[in-house]
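Comments concern the structure below.
Proteins get letters first, then strands, A, B, ... in listed order; numbering begins at 1 in each.
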Number of protein chains: 2
Amino acid sequence: MHVSTMRDTLTLFVRWDYLGTYMISLLNRSGRQLFDPLIQKLRSLGVDSDTELDAVLNRIKVRAGTRRGEDIIAPGRSARHSTLLLEGVACLYERPPDGNRQIYAFQYSGDFCDLHQHVLPETNNEVAVTALTDCSLGIIEHKDLEQLIAQYPSLGLALWRASMLEASIFRKRLLNVGRQPALQRVAHLLCEQLARREAVGINSATIPLTQMDLADAAGLSIVHINRTFQELRRLNILSKGGRTIKVVDRERLVDLANFDGNYLNMPQLLSHWQVKIEHKRRSQATGLSWVVTG
Amino acid sequence: MHVSTMRDTLTLFVRWDYLGTYMISLLNRSGRQLFDPLIQKLRSLGVDSDTELDAVLNRIKVRAGTRRGEDIIAPGRSARHSTLLLEGVACLYERPPDGNRQIYAFQYSGDFCDLHQHVLPETNNEVAVTALTDCSLGIIEHKDLEQLIAQYPSLGLALWRASMLEASIFRKRLLNVGRQPALQRVAHLLCEQLARREAVGINSATIPLTQMDLADAAGLSIVHINRTFQELRRLNILSKGGRTIKVVDRERLVDLANFDGNYLNMPQLLSHWQVKIEHKRRSQATGLSWVVTG
DNA sequence: CGGCGGCTTGATTCGAGTCAAGAACCGTGG
DNA sequence: CCACGGTTCTTGACTCGAATCAAGCCGCCG
């Protein structure tokens, strides 16, 4: 199904900021729910004209979704279109020859799955994307994308920013995987997920990942992840009952992980996600002060 | 000193591909040697018109260099210009509160030191760049850069590509740090350095880093790096005499690290940097074949 | 109700960190 | 030219966090 069939709906919800929240919630699922995270994301990346948003949305085609466990982008081959995650959770990963799986990043609604392949088509074909929950997907032809970028340079900049943001996440992960013990490592990873989910409007404290997913992302064995989870539960940070990962004490989690969400570039809701000042030892040299949050 | 004082020289060497190699080598140091890696890099990123190269080069001002150990970009503050590494080796790093240093990436001549701060000025101010050897630096005003990108969209794309390339490096590092034991981890890191150095015309087998630098990049303790080096020497991969890190058996190093340089996007000289086919177990599903190199 | 994927547990091993000390090297200044 | 002080490198002894191996368990879906 091509999105242009719901064009009327689109131009309506694209201007959501002119409408009340209540009206929006009346819009149907395929319209609002599907594209809202993307809109939110593009806006936060600096796309501020409705014309541009509209233009982008009109080029997006909805493609068949995938079920949990299926690959969204198979390793090794690149396509002539970019894929967009509209609903669900996915991950960018790579399987080294030894059969392991390293998860590079989790992806949420509104994220592009394979921008890298658009800009560097030949490079790095080993990375793939797989669905961690059932997913809804959109695609946009590379040529459409190029045309849009040519027409709206600020869109190009926004996508560039999105890439840098991803890079920023990779760096932080590198820091954590390289230097932090298991407990903080996992805590940080969980913080990142909560923050990124909130940034696209997902406010649930439950993170729909398995312990295996976390293990593959954190670079820890499943067994050790499990023991770490037990510790987090003992600390009353994760909920004790049930098998789902549910954060019950976000504050303590942030504290434990020494999480500073600044690197995620979420202008709207940063306030929750900064470490309190006493946990941060700034070099005297720069003399910058920190936002203190409650 | 502003570069326009050597403008005549510049427009000459910018067109180096029309001249013979021998003529080039006659050009003076400040002209050819300083900008050649940058030119090489921009070309490999897809900037193929001399007009564009020329335009970029003309906006670059040479700034005072730094000595080994000094910060090129201090943590915490962003400037109104981007900095460009013209000569020497630097690293992008971050110091977590515990005083550790995590090196995210090594930078070589031709690399932009702080593209991230140009695209995402507010985000992630903790990262910094420091000189690992004495360095020559150039700067380019953000407004000049923006203007250039507006005028030459392919330049914007090239810089976007450069960022994605960096991200690609981060990912591979993440894989290695997260999953590989010390020996292969270090080996991979060394391969990456050799490959990237070659890509900008530095062909020496000696890598001008200290064991501490490697430790901070690999996420290992100095003591353990040292023991790993001893192992690499015992395997006749690193040279035995002296304290410099010199690779004497690149082939075996690549082999040990299972290094596939593909992710580095170096069209010119990839052939050296691919793992032999028997070390690569491809999934049957994709059916891609591999370039076999001798 | 049976099987399989995900979670939990315990026992054991091992790679890498830490601590501590000494040696080799380098630039600097007398 | 040499003596000095600070890095950088090396080595050994010890510790510890996390991997591995091996079961067993729980709960869901067909």
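Protein atom CG of D213(A) is 12 Å distant from nucleotide atom C1' of dG5(C), rounded to whole Å. When rounded to the nearest whole Å, the span between NE2 of H224(B) and C1' of dT11(D) equals 14 Å. To the nearest angstrom, P of dC9(D) lies 10 Å from CG of L209(B). Whole-Å rounding puts the Q180(B) CD to dA16(C) C1' distance at 15 Å. Look at CZ on R68(B): it is 10 Å from C1' on dC26(C), rounded to the nearest Å. Here the C1' atom of nucleotide dA18(D) and the CZ atom of R185(A) are 9 Å apart, to the nearest Å. Distance I225(B) CD1 to dC9(D) P: 10 Å, rounded to the nearest Å. Distance R243(A) CZ to dC7(C) P: 10 Å, rounded to the nearest Å.
Sorted by residue number, the members of residues 215-223 of chain B with any non-hydrogen atom under 4.0 Å from DNA chain C read G219(B), L220(B), S221(B), V223(B). Interface residues of residues 226-241 of chain B facing DNA chain D, ordered by number: N226(B), R227(B), Q230(B), R233(B); criterion, heavy-atom separation under 4.0 Å.
Applying the side chain to side chain contact (heavy atoms under 4.5 Å, CB included) rule to A257(B) yields the partners A187(B), H188(B), C191(B), F259(B); only residues at least two apart in sequence or on another chain are considered. Evaluation of the side chain to side chain donor-acceptor pair (under 3.5 Å) rule for D111(B) yields K41(B), R196(B) as partners, not counting sequence neighbours.
For the pair Q211(A) and dG5(C), the criterion of a side-chain N or O lying under 4.0 Å from OP1 or OP2 is not met.
Listed by first and then second residue, the salt bridge (charged side-chain N to carboxylate O under 4.0 Å, His left out) pairs that reach into residues 200-216 of chain B are R179(A)-D216(B), R101(B)-D213(B), R101(B)-D216(B), sequence neighbours excluded. Listed by first and then second residue, the salt bridge (charged side-chain N to carboxylate O under 4.0 Å, His left out) pairs involving residues 66-75 of chain A are R67(A)-D134(A) (not counting sequence neighbours).
Once rounded to the nearest 0.5 Å, the distance linking CE of M212(B) with CG of N226(B) reads 14.0 Å. E87(A) contributes atom CD, which lies 5.0 Å from atom CG of L34(A) (distance to the nearest 0.5 angstrom).
A donor-acceptor pair is defined here as one N or O able to donate and one able to accept, closer than 3.5 Å; no such pair exists between the side chain of R197(A) and the backbone of I207(A). S168(B) places a side-chain N or O within donor-acceptor distance of the main-chain N or O of Y263(B), the cut-off being under 3.5 Å. Distance alone, capped at 3.5 Å, places no donor-acceptor pair between the R252(A) side chain and the I237(A) backbone.
Nucleotides of DNA chain C nearest to T210(A) and R179(A) differ in position, and the one nearer the 5' end is that of T210(A).
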